Enquirer: 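Handing you this structure, nothing more for now.
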Protein chains: 2
Amino acid sequence: MVEEFYGSLREKVFLQLEEDIISGKYKAGQKLTENMLSQNLKVSRTPVREAIRQLELEGLVESIPNKAIIVTGITHEDIEDIYEIRISIEGLAARRAAKSITEEELERLKEITDLQEFYTIRQDMKQLVKTDGDFHETIFRASGSKTLKNILSTFHHNLKKARSDSFGRPVRAKAVLEEHRDIYGALRNRDSIKAEHFMIIHVRNARNRLLGK
Amino acid sequence: MVEEFYGSLREKVFLQLEEDIISGKYKAGQKLTENMLSQNLKVSRTPVREAIRQLELEGLVESIPNKAIIVTGITHEDIEDIYEIRISIEGLAARRAAKSITEEELERLKEITDLQEFYTIRQDMKQLVKTDGDFHETIFRASGSKTLKNILSTFHHNLKKARSDSFGRPVRAKAVLEEHRDIYGALRNRDSIKAEHFMIIHVRNARNRLLGK
DNA sequence: CCATGTATAATTGTATACAATAATACAATC
DNA sequence: GATTGTATTATTGTATACAATTATACATGG
């Protein structure tokens, strides 16, 4: 079943290019042209250009005036950086969320972790990546900080591929589930200290699982 | 003397709108239209749209499909968030920079701090804001981390106005200069521990000077 | 053979025309 | 009077034409 896409062409192009760069279809250093992209994606250059401007700000491409668009991509070092920064600030997001999270958001977290348990048993890696993303996104939205939300959502985007590889073994998925439950429990009790603590541990473990350290 | 602008129209529009939002000319909640902006700035809608997409990613505006562009702006809370996050990660940038900074970049930092001393004596606040920005930008570029550079350059952009207000008194400018010299010295000695330490202190002080805590 | 100038092509930058969508005003109906 | 339907308007979304800039190929002169 093919999933329909209802957004604008620009959004479609943006997501597609992001996917193609993160997945490695377009490799670092590769030169892209607007014509080439608009022909490939069967849209005009206008939505392509708008998408390029956004990718530029995300650091996935570099646009050289009147010359070309160069793919920057996500390097191994970038991933390490992102985890290191996440360790610093995602705990902050959890601490904030413990104070401002709503009952609806807590309900949603519960639903997500239940779903996650279901998919962990089924070993459905694709869905696990999605629920993991949803879990974190709900928390940094609940933090009430636009700045935290902006940074962390970009990070999670850029880690998408790397994380999907990380769910390779069920034992890891189970550890992730337990860590999420710890964080959820702390948020439910509105214990900001524990929420921060568990989140820092979780992100650090996630990094170690991914980078094998 | 009017400063000439040599970049693209899109860049000009982006910087102008960013300035207008950060300075408060366009207030939070205000509705903008592409036509209005293109008429004001005497350019077509194309560069305006591209600029809007970037501002959207920076979180300065919110674009509602087929309806309008709503100004989000920078709130007092956003500024507090930005400083709190900067305290977490700008020290990291300094630590990295201590390891990877080049002789040229060190030379540049020296020039910047010398200039800063000059402007501190002259009490030229406008130039002090600029040199302060240059100092930090040089360091997080020297960190060699694309991710750190991206985040911190956005932060410094968004803090532009707030910081220009903070340089109001010469005693403060002098404190900033001393802190910069400490950081420079640590980087010159490639002492990553001290570089991180002094940077954290500096950002914390900057926040306190700005927010009066 | 190398340097330089020039014409050509490729690419991005901008403007404009038109399409799609959502809001609004207003009339018709109950 | 309230509600619903419809025409109009306003706004964003997309495509295309053209301008400006840069790269490339090639010829020309030393």
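Proteins get letters first, then strands, A, B, ... in listed order; numbering begins at 1 in each. Small disclaimer: the values here were computed from a predicted structure and weren't measured.
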Enquirer: Can you list, in residue-number order, the parts of residues 44-62 of chain A that come under 4.0 Å of DNA chain D, counting heavy atoms only?
Expert: A:S44, A:R45, A:T46, A:P47
Enquirer: Please list every donor-acceptor pair under 3.5 Å in which a side-chain atom of residues 21-28 of chain B meets a protein atom from a residue at least two apart or in another chain.
Expert:
| residue | atom | partner | partner atom | Å |
| --- | --- | --- | --- | --- |
| B:S23 | OG | B:E19 | O | 3.0 |
| B:S23 | OG | B:D20 | O | 3.4 |
| B:K27 | NZ | B:G24 | O | 3.0 |

Enquirer: Verify the neighbour count for atom NZ of A:K146: are there more than 12 heavy atoms of other residues, nucleotides or ligands below 6.0 Å?
Expert: yes
Enquirer: Parallel, tilted or perpendicular, judged at 30° and 60°: which one describes the rings of B:H156 and B:F140?
Expert: tilted
Enquirer: Contact between B:S145 and B:R96 at the side-chain level, heavy atoms closer than 4.5 Å - yes or no?
Expert: yes
Enquirer: Tell me if a side-chain donor or acceptor on A:E105 pairs with a main-chain N or O of A:T102 at a distance below 3.5 Å.
Expert: yes
Enquirer: Is there a residue in residues 29-38 of chain A whose heavy atoms reach under 4.0 Å of DNA chain D, and which residues are they?
Expert: none
Enquirer: Calculate the interatomic distance between B:N66 atom CG and D:dG13 atom P; express it in whole Å.
Expert: 5 Å
Enquirer: What is the minimum heavy-atom distance between A:S143 and A:A93, and which atoms define it?
Expert: CB-O, 3.5 Å
Enquirer: Taking atom C1' of D:dT12 as reference, at what distance in whole Å does atom CD1 of B:I69 sit?
Expert: 8 Å
Enquirer: More than 12 foreign heavy atoms under 6.0 Å from CZ of B:R122: is that the case here?
Expert: no
Enquirer: Between B:E179 and B:M199, is the side-chain contact (heavy atoms from CB on, under 4.5 Å) condition met? List the steps.
Expert: CA-CA 8 Å; B:E179 290 164 14; B:M199 182 61 92; over 6 Å; no
Enquirer: Distance check: side-chain N/O of A:K67 vs OP1/OP2 of D:dT21, anything under 4.0 Å?
Expert: no
